[in-house]
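Since this is a predicted model, take the numbers as computed values, not measurements. In each ligand, atom 1 is the first atom listed, and ligand 1 is the first ligand listed.
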Amino acid sequence: MAIRNRLYPASRQLPVLQEHCAHARRVWNLAVEQQSWWWPGRGNTPPSAERCRQLTEARRAEPWLGAGSSSVQQQALRDFDRALAAFLDPANPARKPDYRSSRGTQGFAIRDTKAQWISRRWGEVWVPKCGWVRFRWTRPLPDRLGVARVTYDRAGRWHVSFPAPQPPVTRQRTGKTAGVDRGVRTALVTSDGQHYRAPKISDRQAARYLALQRRFCRQRNGSRQRERTRQAMALIAACTADRRKDWAEKISTRLVRDNDLIVLEKLNIAGMTRKSKPKPHPDQPGVFLHNRARAKAGLNRGILASAWGTLSQRVRDKGEASGVRVLFVDPRFTSQQCRACGHVSEANRDSQAVFACVSCGHQDHADRNAALNILARGLLLAAGEPVPAPAAGHAALRPHQPAQVAAGTTRSVA
Ligand SMILES: [Zn+2]
């Protein structure tokens, strides 16, 4: 994990930081472009050391590049190497490193980071060619700081993050186990019937965001007004994201503190980030409805999807640091399977909230039933027993899914 602190550069330091961001981005983009020339049979792209040598040459030839910090630029190349290695690792779902835009979040890395206190709440970090930059010091930092990262987000905020090991959650063995299901509406439901609500965007904020969005579309591209509107939108998004992160931290700590074994759904990133479907007009074919309720639902869907991603990542990190076993299982059909008799049918879920088995008559809260199924699969996995393929032969099992994926289910983190 990383300890992220808000950075408050002085106005004279801003141009230097922005230039570091621009250099890191351009060097990264050059590396992406160089890699894009690779073709099977054309030989290898230059290795890392050769790329660094080329950077030195380029710095000599191009004064604008040479004026920047060589350590910031070299670090951008190292970041690229790491991103490429992650992409080429078959066990890692990382995407291919791609061009970075000047419109997204900007940032650069500092090597051999030095930080010092200036008062009880404030510290400063050394940035090459810039000097000491003040930041809000919120929690103790490790002795060796390694590579720190400075970022500038779309809402106009600077942060510095220091890598730090995940501290263990203080806990005692409880002997309890929990399966966790994504609830139908907003909640997270555990197998013992706990519901947790993720923060959503408030009605007021959503209305403002959508109004800003409409204004943004009408404004002239590149105008100062438009930039101001964009920043206001980004600020709303950033505040919502902060609340969501805070929620994920609290809930993951609670789950890890209270349970010795936690079973979560294996994530389907592609499914989570799917775009919302267009809503056709009921009477006029070819016309699509657009109303604010749908738009707000879209905002919330995105927030909930990423809240889930953050949460499962944090549960995994904290579990690993605190000796709690966290398992991931295939979530397919967990919402349609009866906990009592194992019967799988869509008809079991006549209503969204209630689970009623058509075979044995067992009734339960729908999300808790699913969480119990997830827990049961996790317990089988923990005992080293094979987890039966969920609903093999069931009509809803998509035929293009290979059998091992259905049966093998899992990645485990001890
Ligand atoms: Zn049943």
Side-chain angles (χ1 to χ4, degrees), residues 174-198 251 254-255 258-268 271-272 274 301 304-305 307-308 311-312 315 319 324-412:
T174 56
K176 287 209 289 185
T177 53
V180 182
D181 179 49
R182 266 183 285 183
V184 182
R185 292 202 183 89
T186 57
L188 195 90
V189 184
T190 64
S191 47
D192 43 12
Q194 271 292 348
H195 288 237
Y196 296 108
R197 254 163 216 287
I251 301 299
R254 199 178 305 178
L255 284 172
D258 295 346
N259 297 288
D260 290 348
L261 171 73
I262 301 169
V263 190
L264 300 168
E265 295 176 19
K266 197 162 32 163
L267 288 178
N268 168 10
M272 271 172 27
R274 199 180 314 151
R301 202 168 26 243
L304 291 174
W308 178 258
L311 186 94
S312 70
V315 167
V324 170
R325 211 162 165 205
V326 179
L327 300 174
F328 291 85
V329 299
D330 189 336
R332 278 183 297 152
F333 302 109
T334 44
S335 61
Q336 295 175 11
Q337 190 176 22
C338 171
R339 193 58 234 122
C341 70
H343 180 72
V344 177
S345 169
E346 270 176 55
N348 289 347
R349 286 291 302 283
D350 226 9
S351 103
Q352 280 280 330
V354 180
F355 183 92
C357 180
V358 291
S359 169
C360 75
H362 172 71
Q363 284 209 358
D364 199 349
H365 186 283
D367 293 330
R368 191 175 56 188
N369 178 70
L372 282 166
N373 281 326
I374 289 172
L375 177 60
R377 289 182 193 179
L379 288 174
L380 280 180
L381 184 77
E385 285 172 41
V387 183
H394 187 274
L397 190 66
R398 280 155 292 170
H400 64 264
Q401 293 277 342
Q404 310 91 289
V405 177
T409 24
T410 39
R411 176 140 60 127
S412 77

Angle at the Zn ion (ligand 1) (to 10°), with one arm to SG of Cys341 and the other to SG of Cys338
110°
Cys360 near the Zn ion (ligand 1) via N/O/S, less than 2.8 Å:
yes
Decide, counting backbone as well as side-chain atoms, whether Cys357 has an N, O or S atom less than 2.8 Å from the Zn ion (ligand 1).
yes
Identify the heavy atoms of Pro331 and Arg377 that sit nearest to each other, and give their distance.
C-NH1, 4.0 Å
Any donor-acceptor pair under 3.5 Å from Thr174 side chain to Asp258 backbone:
yes
Asp330 side chain vs Lys266 backbone, donor-acceptor pair below 3.5 Å:
no
Would you say Gln194 and Arg254 are linked by a side-chain donor-acceptor pair, where the criterion is simply a distance under 3.5 Å?
no
